[in-house]
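The figures that follow rest on heavy atoms only: side chains count, while hydrogens, waters and symmetry mates do not. First listed ligand is number 1; within each ligand, the first listed atom is number 1. If you're wondering where the values come from, they're calculated on a predicted model, not measured in any experiment.
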Amino acid sequence: MADIVSPPPEAAPDWTVPQDWARYTAHEHAIWDLLFARQSAQLEGRAAKAFLRGLDVLHLSKPGVPEFRELSDRLGALTGWQVVAVPGLVPDAVFFEHLANRRFPAGNFIRSADQLDYLQEPDVFHDVFGHVPMLADPVFADYMQAYGEGGLRSLGFGALDKLARLYWYTVEFGLVREQGGLRLFGSGIVSSHGESRFALDDPSPNRIRFDLVRVMRTRYRIDDYQQVYFVLDSFEDLLRQTVETDFAPLYARLEALPDLAPDALLPDDAIITHGTQEYARGKVLID
Ligand code: PHE
Ligand code: FE
């Protein structure tokens with residue numbers, strides 16, 4: 001989270017780099033194709049309708065890792081979003097500035113064959129397969145832009161850690177209620193073979209109805225499956241709540257409230273699934 005760092009020499013001032021699509025090897029394209037086929041099959045009947053619909057923008061003229069130019073043309077025609085390449089994680093303000101301008105910064109490296117199931121750093125499969133389909137949804141597209149604007153604003157309040165939890169528990173690990181059942185849409189879930197089963201089916205994690213302040217109080221783990229998932233009523237509801245709420249008084253309130261552990265349950269929680277926490281038992285929380 002170093003903030004006053006300058007971009008690496010090969011990157012532009014906004015940290016973007018050319019994707020250099022010609023650089024991917026046949027082996028790397030094959031890794032994308034394998035992950036894509038495996039996750040598309042697994043997500044049928046599990047992912048939110050908006051995500052499944054959005055998957056269609058990833059069907060480009062060539063197989064393998066999507067070329068960002070062509071991908072951005074297709075995505076741009078739907079919601080005005082573009083995908084730009086960055087070398088890896090970028091400083092917070094740079095990231096928010098891109099989102100606020102409807103540009104999604106995507107890492108351009110792809111995981112190796114021995115990391116198919118899990119890696120902690122976002123690669124092009126996570127960033128593109130995980131994030132781009134939801135950016136094809138007009139409501140979610142607006143939410144992501146608003147989040148970028150809100151992110152820039154949060155820096156002025158020193159409240160980035162609180163707002164980051166909102167991103168984590170919606171954009172990265174969110175569930176949504178659809179036709180009475182639960183569906184996946186968080187990019188960290190849909191891009192993970194294991195977690196896309198765990199998040200819906202496993203008895204271990206808590207599943208709680210989304211609540212803005214509750215989410216911003218809740219710590220999260222970055223090294224393993226989540227111990228809690230928050231469930232949206234709808235994307236419209238998420239957009240409305242976040243855009244219509246001035247976060248400044250919330251940040252002030254949050255300063256006086258203690259943070260919550262990922263497995264905490266509160267009397268006011270609307271619990272959908274009371275988890276056993278069996279999966280996390282005995283593991284040390286690294287967050
Ligand atoms: N309304 C929020 C604010 O006042 C900004 C925001 C919008 C944050 C959407 C997150 C998502 O800061
Ligand atoms: Fe992500």
Is there a polar contact between ligand 1 and T245, counting only N or O atoms under 3.5 Å apart? yes
Salt bridge present between R165 and D259 (N-O < 4.0 angstrom): yes
Run the salt-bridge test on R102 and D142 with the 4.0 Å N-O cut-off and return the result as yes or no. yes
Got a donor-acceptor contact below 3.5 angstrom from the W81 side chain to the Q145 backbone? no
Report the C-alpha separation of D201 and R46 in whole Å, then their side-chain angles, then the decisive distance to 0.1 Å, and conclude whether the salt bridge (Lys or Arg N to Asp or Glu O under 4.0 Å) test is met. CA-CA 10 Å; D201 304 342; R46 298 174 160 269; 2.8 Å; yes
L166 and ligand 1 - part of the residue with a heavy-atom distance under 4.0 Å: side chain
Check E172 and report its N/O/S atom nearest to the Fe ion (ligand 2), by atom name. OE2
What residue and heavy atom of the protein are closest to atom 4 (O) of ligand 1, and at what distance? R153 NH1, 2.5 Å
Near D246 (heavy-atom distance under 4.0 Å), the atoms of ligand 1 are 4 (O)
List ligand 1 atoms under 4.0 Å from A146, heavy atoms only on the residue side. 6 (C), 7 (C), 9 (C)
What do you get for the angle at the Fe ion (ligand 2) between NE2 on H126 and NE2 on H131, to the nearest 10 degrees? 100°
Could you identify the single nearest non-hydrogen protein atom to atom 11 (C) of ligand 1 and state the distance to 0.1 Å? T242 CB, 3.5 Å
Check ion pair R281-D263 (N to O, under 4.0 angstrom): no
Answer yes or no: is there a donor N or O on one side and an acceptor on the other, between the side chain of S196 and the main chain of H193, under 3.5 Å? yes
Starting from atom 2 (C) of ligand 1, find the nearest protein heavy-atom neighbour and note its residue, name and distance. F247 CD1, 3.3 Å
Protein heavy atom at shortest distance from atom 5 (C) of ligand 1: G150 CA, 3.6 Å
Could you tell me whether R217 and D211 have a side-chain N and a carboxylate O separated by less than 4.0 Å? no
